[in-house]
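Have a look at the structure below, then the notes.
Predicted, not measured: the structure shown is a model, and the values here were computed from it. Protein chains get the first letters and strands the later ones, always in sequence-line order, with residue 1 at the start of each.
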Amino acid sequence: MRMATWNVNSVGARIDRVVEWLESAQPDVVALQELKCTDEAFPHVPIQAAGYEAVTHGTGRWNGVAILTRVGATDVVRGLVGQPEFDGAAEPRAIGATCNGVRVWSLYCPNGREPGHDHYNYKLDWFKALNTTIAGDLAQYPELPLAYIGDYNIAPTDADVWDIEKFVDSTHVTAAERAALTDIQELGLTEVMPRSLKGEPYTFWDYRNGSFHRGWGMRIDLVYANQAFTSLVSDAYVDRDARKGKGASDHAPVVVDLDLP
DNA sequence: ATGCCCTATGATATAGGA
């Protein structure tokens, strides 16, 4: 079974590229982030025409997450346990479902904007709620392969940004953010590391300054999974070709192949 | 080569992204 995570930066603006990618990569389950559309506005027609059903959680504007699947989705959950609000709203940044016996969550973790900002504290609180949600999942589904995939907006190590010197006093690399990743690992999850292509580990390149062409990227789209999941992994890679050309998202998909029994 | 920011919105500027 092929799974993937992809921050598409607006599913409406990206729908043609998304359908093309589904047809070429042939994934069975895809976690999407940053839909930037409401559940009502989600482009179900072209997604279904490509052979997928979608479970979505979006309220328009920014954020929004979905799971596309051609192997079914059950036990769908929207939002985190004890999820904090920002600016008076519980934002749609998490959706979970069980697909072909694998439980998967699509996560769009808050950006944080700058250390000390309200949004940064919100980001750290959001990760606490994610930790609570994962702990609940582990108790509820002790036998299932579990994967928490998406845009974490944290670079796990200094090697996961193109130049750590450019990130002094920046979000995505602070000790507190990385401690949130350590907390996830302490629940018993490990990271599935994608193969490095073109010598770059990155999954995101800013649209500005020709960043993609200069290799100015960040690895922030991550896969954390339990042992039942990681023991099934046969391959994982970043599809950086999907970042090329006109009309690309600023993130590339991360693909994980599983050998299901 | 892949080429120098993009997207959504009470839109003709602004906020957010990371």
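- Taking atom P in both B/dC4 and B/dA15, the straight-line distance is 26 Å, to the nearest Å.
- Taking atom NE2 of A/H213 as the reference point, atom P of B/dC4 lies 6 Å away to the nearest angstrom.
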What's touching nucleotides 9-16 of chain B from the protein side, N or O pairs under 3.5 Å?
| unit_1 | atom_1 | unit_2 | atom_2 | d |
| --- | --- | --- | --- | --- |
| B/dT9 | O4' | A/R61 | NH1 | 3.1 |

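- Rounded to a whole angstrom, the distance from the C1' atom of B/dT12 to that of B/dG17 is 22 Å.
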Given side-chain hydrogen bond (donor to acceptor under 3.5 Å, both in side chains), test A/T203 with A/R219 step by step and report yes or no. CA-CA 5 Å; A/T203 64; A/R219 193 174 73 86; over 6 Å; no
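- Residues satisfying the side-chain hydrogen bond (donor to acceptor under 3.5 Å, both in side chains) criterion with A/D235, sequence neighbours excluded, are A/R195.
- Residue A/N63 is out of contact with every strand shown, counting any heavy-atom pair closer than 4.0 Å.
- Of the residues in residues 165-177 of chain A, those with a non-hydrogen atom less than 4.0 angstrom from any atom of DNA chain B are A/H172.
- A/Y152 contributes no side-chain N or O that, together with a main-chain N or O of A/C109, makes up a donor-acceptor pair within less than 3.5 Å.
- Using a 4.5 Å heavy-atom threshold, the side chains of A/D257 and A/M1 count as separate.
- In this model, the phosphate group of B/dT7 is approached by a side-chain N or O of A/R14 to a distance below 4.0 Å at OP1 or OP2.
- A/L35 has its CG atom 15 Å from the P atom of B/dT7, to the nearest Å.
- With A/R14 contributing its side chain and A/V8 its backbone, the two residues share a donor-acceptor pair below 3.5 Å.
- Checked against a 6.0 Å centroid threshold, the rings of A/H172 and A/F167 do not count as neighbours.
- Rounded to the nearest Å, the gap between the C1' atom of B/dA11 and that of B/dT7 is 12 Å.
- Remark: A/N131 pairs with A/D183, A/I184, A/L187 by the side-chain contact (heavy atoms from CB on, under 4.5 Å) rule, at least two apart or across chains.
- In this structure A/D158 satisfies the side-chain contact (heavy atoms from CB on, under 4.5 Å) test together with A/I164, A/R178, sequence neighbours excluded.
- On the P atoms, B/dG10 is 23 Å away from B/dC6, given to the nearest whole Å.
- For A/M218 and B/dA18, the CE to C1' distance is 6 Å, given to the nearest whole Å.
- Judged as a side-chain contact (heavy atoms from CB on, under 4.5 Å), and not counting sequence neighbours, the contacts of A/K244 are A/F212, A/R240, A/D241.
- Between A/H251 atom NE2 and B/dC5 atom C1' there is a gap of 13 Å when expressed in whole angstrom units.
- If you take CD of A/E200 and P of B/dT2, they are 15 Å apart, rounded to a whole angstrom.
- When each of A/N209 and A/G247 is assigned the nucleotide of DNA chain B bearing its nearest heavy atom, the one mapping closer to the 5' terminus is A/N209.
- A straight line from NE2 of A/H117 to P of B/dG17 spans 9 Å, rounded to a whole angstrom.
- Going from atom NZ of A/K123 over to atom P of B/dG17 covers 10 Å, rounded to whole Å.
- Rounded to whole angstrom, the span from the CH2 atom of A/W216 across to the P atom of B/dC5 amounts to 11 Å.
- Aromatic ring orientation, A/H117 versus A/H119: perpendicular (interplanar angle above 60°, classes split at 30° and 60°).
- Picking from B/dG17, B/dT2, B/dT7 the nucleotide with the shortest atom distance to the side chain of A/A13 gives B/dT7.
- No engagement by A/D221 is indicated, since no non-hydrogen atom pair under 4.0 Å with the nucleic acid exists.
- Taking every side-chain heavy atom of A/S10 into account, B/dT7 is the closest of B/dG17, B/dT7, B/dA18.
- Counting only N and O atoms by type, the side chains of A/N111 and A/K123 include no donor and acceptor under 3.5 Å apart.
- For the pair A/N7 and A/K246, nearest-nucleotide mapping onto DNA chain B gives the more 5' position to A/K246.
- Across all strands, A/N153 comes closer than 4.0 Å only to sugar-phosphate atoms, never to a base (heavy-atom distances).
- A/Y120 has no side-chain polar atom (N or O) that falls below the 4.0 Å cut-off from OP1 or OP2 of B/dA18.
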